[in-house]
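What follows is a short report on a single structure.
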Amino acid sequence: MSYTGAMNSNNYMKQALELALYGMGKTSPNPSVGALIVRDGRIIARGFTGPCGTDHAEVVALKEARGNARGSEMYVSLEPCCHYGKTPPCTKAIIEAGIRRVHIPLLDPNPRVSGKGVMALRDAGVEVIFQSEYAGYAADLIRPFKKYILRKRPFVLLKLAVTLDGHTATETGDSKWISNEYSRLVVHRMRSLCDGIIIGKNAVCADNPSLTVRFEDFAGEVKEEFRDKTFPISGNDNFILQSLLKAGDDFSDKRNPMRIIFGLPEAADKSARIFHDENYLIFETERNRQKLLEGKNDAGLIKKDYDEGRLVFLPDISPQERIFAALDVLGERGLLLTILEGGAKLAGSFYDAGEIDQFVFFIAPKILGGGRPAIEARGPDKITESLILKDVSTVILRGDIMLWGYAREFNFESL
């Protein structure tokens, strides 16, 4: 397939990044990468990474070029890989196809690749150009993979809808709805990019959530406003946030993420919405093993979950150590990006463990004067010891304030 219409060369990398975003949630534990092949000022092929074990973005684009890539340029959202894994090295495919120049914004954080992919290309006579002006955008996409490849744990994003005075629900537990429908649509778009949604058992009992991607819940005029209106971002111009605020139907074919439940409710009601299919994982403690596997409440179904790997027992250790153990399990199962959505105590355990990597708060212009807190953690003794978020972005969504920030800066030098 060919793509007609010349375009400004400065936009080719932006298109590669958009292709990478489109693949998020489908490629784990591989990073989602986008690639374009350009000749004579025209795009002749494009691709994004497929599911793990299938072709990477560069190879997808080369196959689409059908042998016509010799002498062309390639724009890739991340340094091409140079090692054998489940697929051969992308650098080898690029060299054999006769690509003369490769543009990248960022080195791969994988120590097996970082800088070596560039060296392999240059040693073969392929010119490599760094488009550093897009390094920040590329970093926005690659943060989850960087944590996974360096620590073997998924990236954790804490999402909360809170009132202006910091509550997530009334004292009775009522929370529908604190945020408006524009904020909630953005949440569903966020879900469509992730591998798993984490929730505590108390939130399951209180809210009976589905934790699925449901664009059909939103009126047409709400969706149209995102296509027709600009929502200006203040602060860091985050690439993912940009896309969430303007994307339309491109997000509609995303799969539902895995539902991850910390703790099984005492009355294990398998008619709850969260159990509507088998795409879930339950973490429990060893001390509850016998009670759950031999108890009377849906014991047969619980045993089936255990036998089929949907119920995992964690050691009887501290809450923070259980967080580490659970994230190790999720890393072993190849999850890159997870969203922590429910439970102040669970959020507190993640916070105390230092395992919340990103915070996304939807702050509604509402005052409760009392109610459920957002996070129940130990917390510091002094204000000066507070966690100060990095690369913060804010946007106003019809009155709600969306605050998007990270626990740590993306350290380019560590690559």
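Tested against H103, the residues Y75, Y134, F130 include a single ring pair (Phe, Tyr, Trp, His ring centres under 6.0 Å) partner, Y75. Exactly one of F350, F359, Y351 qualifies for a side-chain contact (heavy atoms from CB on, under 4.5 Å) with L158. That residue is F359.
The residues K63 and D55 are annotated as salt-bridged, a charged nitrogen and a carboxylate oxygen being separated by less than 4.0 angstrom. Ion pairing between R151 and E355 holds under the 4.0 Å rule for side-chain N and carboxylate O. Of the charged side-chain nitrogens involved, none lies within less than 4.0 Å of a carboxylate oxygen, so that D174 and R372 do not count as a salt-bridged pair. For the pair E278 and K304, the salt-bridge criterion is met [side-chain N within less than 4.0 Å of a carboxylate O].
Here CG of N236 is found 12.0 Å from CG of L389. Values are rounded to the nearest 0.5 Å. Rounded to the nearest 0.5 angstrom, K366 NZ and D165 CG are separated by 12.0 Å. Annotation: the span from I260 atom CD1 to I198 atom CD1 amounts to 5.0 Å, rounded to 0.5 Å. Going from atom CG of N180 over to atom CZ of R398 covers 8.5 Å, rounded to the nearest 0.5 Å.
Annotation: cation-pi geometry satisfied between K152 and Y148 (NZ/CZ under 6.0 angstrom from ring centroid, within 45° of ring axis). Figure legend: cation-pi geometry between R184 and F218 absent, as NZ or CZ is not positioned both under 6.0 Å from the six-membered ring centre and within 45° of its axis. The cationic group of R46 does not satisfy the cation-pi geometry with Y12, failing either the under 6.0 Å distance to the six-membered ring centre or the 45° limit from the ring axis. Because its NZ or CZ atom is not both nearer than 6.0 Å to the ring centre of F215 and within 45° of the ring axis, K223 does not count as a cation-pi partner of that residue.
Of the possible donor and acceptor atoms, one in the side chain of N238 sits under 3.5 Å from a partner among the backbone N and O of I240. Of the possible donor and acceptor atoms, none in the side chain of R310 sits under 3.5 Å from a partner among the backbone N and O of L281.
A ring-centre distance under 6.0 Å is found for Y306 and F313.
Around NZ of K86, the count of heavy atoms belonging to other residues, nucleotides or ligands within 6.0 Å does not exceed 12.
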Practice problem: Please test K159 against V187 for side chain to side chain contact (heavy atoms under 4.5 Å, CB included), starting from the C-alpha separation and ending with a verdict. | Solution: CA-CA 8 Å; K159 186 279 298 181; V187 170; 3.9 Å; yes

Quiz item: For D237 and Y137, what are the C-alpha separation, side-chain angles and deciding distance, and is it a side chain to side chain donor-acceptor pair (under 3.5 Å)?
Solution: CA-CA 8 Å; D237 191 20; Y137 283 1; 3.0 Å; yes

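Relative ring orientation between Y280 and F275 is described as perpendicular, the plane-to-plane angle rising above 60° on a 0-90° scale split at 30° and 60°.
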